[in-house]
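From a predicted model like this one, the values you see are computed outputs, not experimental measurements. As the structure lists them, so they are numbered: ligands from 1, and atoms in each ligand from 1.
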Amino acid sequence: MLKKTFVVCIAVLSSLIFVISCNSIVGSTNSSELGDSTDVVAGKNTKIQKDTVKLMDILDSLNKGKIQFPPLDSINKVDPKLAKKMLRDSIYRELNKKDKHIYLTFDDGPLIGSSAIDSIITSKNIKISTFLVGKHAGMSKRLKRDFERYMNNPLVDCYNHSFSHAANKFHVFYSNPELAVADFEKCEEELGLKHKIVRMPGRNIWLYDDVRRVDLTSGSQTADLLGVNGYRIYGWDVEWKINGLTGKPVQSVEELYGRIRNMLGNKSTLKPNNIVLLMHDDMFQNKKGQQLLSNLIDSLKQHKDYKFDFIANYPIKY
Ligand SMILES: [Zn+2]
């Protein structure tokens, strides 16, 4: 029964794509007569087509769910736009009923700020993901201890953010993919990381399963080589920036919290109902910053359907 519903959905979406494609062909035939205005129509159709593909992707996250879809077949023949809207509304309604998965990720640790993060999330009893820099763990006794705190905390999952952090010269670092991959391997060995999960320094790149999203091409070869070597790479949907020394945030807690709610609501994250938030350990060096982190977690925890997950479980489907 479920399988049947899913097949019907795919059929409806496929026919929508077909109808839209036909419209595009008509648009391009007339383009010489109509000039620029047709380009607008063609552009619009491409957008609808893209939206439909995105909708199919969103539907994929519900492939195990019990979904009641409206009878779209007849509507589709008359008005594909309306049919698509009805389908989208029903998919969104289903998604809104489900849990939302929040991945709080902290980059560049261990650093001053890591021990405070460890204490705050332990007292709130929520899971976090840390992307660690290998060389930071060897910089002082204190940072070594903070790294061990992370490793021994069952609420903290530790992942790979390279050994050298590219010495902050990202373009040079990524110009030699073999050396770059060796740097990630060194981090994995030195820190004894158990997951083959990476976040690339200075790049918002996603590479896992059939997903490949690259923000800056200079990291793409390294990303592909990491993929070949069995690594999964995760970027982020939204970033929170705070001045670590002053504790002054670029976005207030309210602003960030609102953004998270909006992105989950309008399904604008990479995967619906899953949101990855990027922060950095050194943002939480002082009491002011630590209070903000605590406030953000409290705001998110008000929602009974928000669950804090490890990035190793990303993306959660239903
Ligand atoms: Zn970093």
Side-chain angles (χ1 to χ4, degrees), residues 103-118 121 128-140 142-144 146-147 149-151 156-177 179-191 193 195-208 213-223 225-227 231-245 247 249-251 256 270 275-285 289 293 310-312 314:
Y103 307 84
L104 299 184
T105 69
F106 297 85
D107 281 15
D108 300 355
L111 282 175
I112 309 298
S114 303
S115 56
I117 295 167
D118 190 274
I121 66 100
I128 63 159
S129 302
T130 59
F131 286 92
L132 304 174
V133 174
K135 73 169 183 190
H136 289 175
M139 280 192 329
S140 71
R142 176 185 171 168
L143 293 181
K144 177 100 198 298
D146 293 345
F147 159 66
R149 262 184 81 168
Y150 270 164
M151 288 291 272
V156 179
D157 239 3
C158 297
Y159 308 111
N160 195 332
H161 194 42
S162 83
F163 185 82
S164 66
H165 203 267
N168 291 327
K169 294 192 173 81
F170 305 115
H171 199 78
V172 177
F173 181 75
Y174 293 123
S175 69
N176 190 331
L179 278 183
V181 169
D183 195 67
F184 285 101
E185 285 169 346
K186 185 176 178 187
C187 179
E188 182 180 325
E189 278 160 33
E190 298 253 331
L191 299 185
L193 301 175
H195 298 280
K196 284 190 117 47
I197 291 180
V198 160
R199 176 170 285 148
M200 294 171 65
R203 296 288 180 272
N204 188 0
I205 290 180
W206 303 75
L207 190 127
Y208 67 91
R213 287 272 183 118
V214 173
D215 63 342
L216 292 170
T217 46
S218 90
S220 66
Q221 278 182 296
T222 303
L225 194 56
L226 282 166
Y231 290 93
R232 295 161 73 86
I233 305 169
Y234 293 102
W236 60 90
D237 293 299
V238 57
E239 179 178 5
W240 194 18
K241 287 181 182 159
I242 291 184
N243 181 316
L245 296 175
V250 173
Q251 309 111 296
L256 188 75
L270 182 66
I275 188 161
V276 180
L277 171 64
L278 165 67
M279 293 166 280
H280 289 87
D281 282 39
D282 61 356
M283 285 164 44
F284 306 107
Q285 303 176 38
L293 176 61
F310 295 134
I311 208 105
Y314 180 95

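- In this structure, V181 and T222 approach most closely via the heavy-atom pair CG2-O, 4.2 Å.
- At a cut-off of 3.5 Å, with distance as the only test, a side-chain donor of H165 or D108 sits close to an acceptor on the other residue.
- In summary, H161 places an N/O/S atom under 2.8 Å from the Zn ion (ligand 1), meeting the contact criterion.
- If you look at F131 and W236, their ring centroids are not closer than 6.0 Å.
- Our summary of the site lists the angle at the Zn ion (ligand 1) between OD1 of D108 and NE2 of H165 as 90°, to the nearest 10 degrees.
- Residue D107: no N/O/S atom is found under 2.8 Å from the Zn ion (ligand 1).
- Within the cation-pi definition used here (under 6.0 Å to the ring centroid, within 45° of the axis), K135 does not qualify as a partner of F163.
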